[in-house]
Amino acid sequence: MELVLQVDDPEALTRAARRRISEDADMQGEERSHAESAVTEDTAEALAYLVDPFDLVSEVPGVELQQASWSSEQVDYDPDSPDWDLDDDDVDDEEEEKRVG
């Protein structure tokens, strides 16, 4: 699964992440400072703090999330560009698996 997100209001995203941090009763001093700094400096960190991959799929029948990882980069998204054909990546991965396996 791949997701492409467009963040229209990075400040609102950062505020929401900081609010969640401030409401986290289990988070202590240094950890809270580090989390606030991370979400303030990096929009991807703010998003990662607000979105839990396990919550995204926990209600999907027949699915159990085994591992999740994050990566992000800023790009100019153009859905009409041939560079954004996400199915190509799947085909390349499948072909690579056939050659290796």
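Quantities reported herein were computed from a predicted structural model and do not represent experimental measurements.
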Hydrophobic cluster membership, with links at side-chain heavy-atom distances under 4.5 Å among I/L/V/M/F/W/Y: are Ile21 and Leu50 in one? no
For the atom pair OG (Ser37) and CD (Glu45), what is the distance rounded to the nearest 0.5 Å? 9.5 Å
Over all heavy atoms of both residues, which pair between Leu65 and Ala68 is shortest? Give the atoms and the distance, please. CD2-CB, 4.0 Å
Nearest atoms (heavy-atom pairs only) where Ser22 meets Arg32: CA-NH1, 3.4 Å
Distance (rounded to the nearest 0.5 Å) between Arg18 CZ and Leu13 CG: 12.5 Å
Do Leu56 and Leu47 belong to the same hydrophobic cluster, where Ile, Leu, Val, Met, Phe, Trp and Tyr are linked whenever their side-chain heavy atoms lie under 4.5 Å apart, directly or via other members? yes
Rounded to the nearest 0.5 Å, how far apart are CD of Gln28 and OG of Ser33? 11.0 Å
Which pair of non-hydrogen atoms, one from Tyr49 and one from Asp24, has the smallest distance, and what is that distance? OH-OD2, 3.6 Å
Is the backbone of Ala46 close enough, under 3.5 Å, to the side chain of Arg20 for a donor and an acceptor to pair up by distance? no
Using a distance-only test with no angle check, is there a side-chain donor-acceptor pair under 3.5 angstrom linking Thr40 and Glu36? no
